[in-house]
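See below for the structure under consideration.
Just so it is clear, the model here is predicted, and its values are computed rather than measured.
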Amino acid sequence: MAAPTSKTIGDLNGKWVLNKTLSDPVDPALALQGVSWLVRKAIGAATVTLQVKQYQGVPTAPSTSEEPVTRIDIQQIATAGVKGTTENRCLDYVFREHSDWLFGHVQGRSRWIGAEELAAFVAEGGEALKEKWVEDDFVAKDWLEGDAEKGGPKGETHVMNHVQSLDAGWTALQVWGFQSVGGERRYVRNIVVAKGDKFVNFKMVYDWVPE
């Protein structure tokens with residue numbers, strides 16, 4: 001189901017289900033991240049649901065700030081016997097370590113980002129390209145950028161997440177926002193997983209589930 005107009009990057013609260021028909025295959029990225037074939041097969045067969053809580057709160061450690069920031073807590077629930085995962089993000093761009101059964105020991109950081117800053121971030125001379133987190137501007141493409149999408153505190157249209165594996169040497173850069181997919185407005189994540197000189201670009205497209 002298309003996202004309602006009330007849902008923007010500033011309010012992702014609620015339930016979203018991955019639409020595997022509209023999304024790109026995740027198997028090549030999982031393979032690059034070192035996930036086993038059996039686990040990749042199970043994930044490919046599973047229905048994945050995100051339960052999102054987005055709110056203002058004091059950031060978690062290692063930050064010592066008492067100033068509220070946007071926090072996004074996501075319970076990722078899967079069927080087909082696949083264990084779920086948890087994504088708890090503070091949008092202050094501070095690295096926080098996390099371990100789970102699927103991706104191992106990682107550190108990640110998240111922040112708001114607008115269209116112009118995102119384009120510069122992945123362009124020639126930008127940090128993402130220089131650090132080899134991306135090979136092109138895929139994560140900056142296809143977004144809806146109108147005034148209605150400006151849900152961030154300074155009118156940003158995206159959340160950006162940067163994750164580094166502390167075990168397996170890969171990185172993952174995700175940009176969240178809304179795109180027109182098949183003529184309908186959808187919540188989408190543009191993602192690139194990188195390891196050495198290998199890159200996998202893919203989209204994850206979600207259906208809104210009304211409660």
Next on the checklist: Quick one about Q76 and T49 (side-chain donor to acceptor, distance below 3.5 Å, no hydrogens or angles considered), yes or no?
Outcome noted: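 There is no such pair (donor and acceptor under 3.5 Å, judged by atom type) between the side chains of T49 and Q76.
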Checklist entry - Any side-chain donor paired with an acceptor under 3.5 Å for N13 and Y55? => result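 No pair is found: no donor N or O on one side chain lies under 3.5 Å from an acceptor on the other.
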Mind checking whether [X] and [Y] sit in one hydrophobic cluster, side chains of I, L, V, M, F, W, Y counted as touching below 4.5 Å?
X: W37; Y: V193; answer: no
X: I72; Y: V209; answer: no
X: W112; Y: M160; answer: no
X: V188; Y: L173; answer: yes
X: V192; Y: F121; answer: yes

Ignoring hydrogens and angles, tell me if any N or O in the side chain of [X] forms a donor-acceptor pair with the backbone of [Y] under 3.5 Å.
X: K20; Y: A46; answer: yes
X: D137; Y: A140; answer: no
X: Q54; Y: I9; answer: yes
X: K132; Y: A194; answer: no

Next on the checklist: Does the Lys NZ or Arg CZ of R109 fall within the cation-pi geometry relative to Y93 - under 6.0 Å from the ring centre and within 45° of the axis?
Outcome noted: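 Yes; both conditions hold, so R109 lies above the ring face of Y93.
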Taking C-beta and beyond as the side chain, do [X] and [Y] meet within less than 4.5 Å on heavy atoms?
X: T171; Y: E131; value: no
X: N88; Y: T60; value: no
X: V94; Y: P62; value: yes
X: S65; Y: D92; value: no
X: L129; Y: E124; value: yes
X: V159; Y: R89; value: no
X: T157; Y: W143; value: no
X: N161; Y: W176; value: yes

Checklist entry - What's the shortest heavy-atom distance between W16 and G14, and which atoms? => result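 That closest heavy-atom pairing would be CD1-O, 4.0 Å.
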Checklist entry - Name the one of H105, Q164, Q107 that satisfies side chain to side chain donor-acceptor pair (under 3.5 Å) with E97? => result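 Testing each of H105, Q164, Q107 against E97, the sole residue satisfying side chain to side chain donor-acceptor pair (under 3.5 Å) is H105.
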Next on the checklist: Taking K154 first and then E117, would you say they form a salt bridge - that is, a charged N and a carboxylate O separated by under 4.0 Å?
Outcome noted: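 Salt bridge between K154 and E117, a charged N being under 4.0 Å from a carboxylate O: no.
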Next on the checklist: Show, in sequence, the C-alpha distance, side-chain angles and deciding distance for L32 and F199, and conclude whether the side chain to side chain contact (heavy atoms under 4.5 Å, CB included) test is met.
Outcome noted: CA-CA 8 Å; L32 190 59; F199 300 85; over 6 Å; no
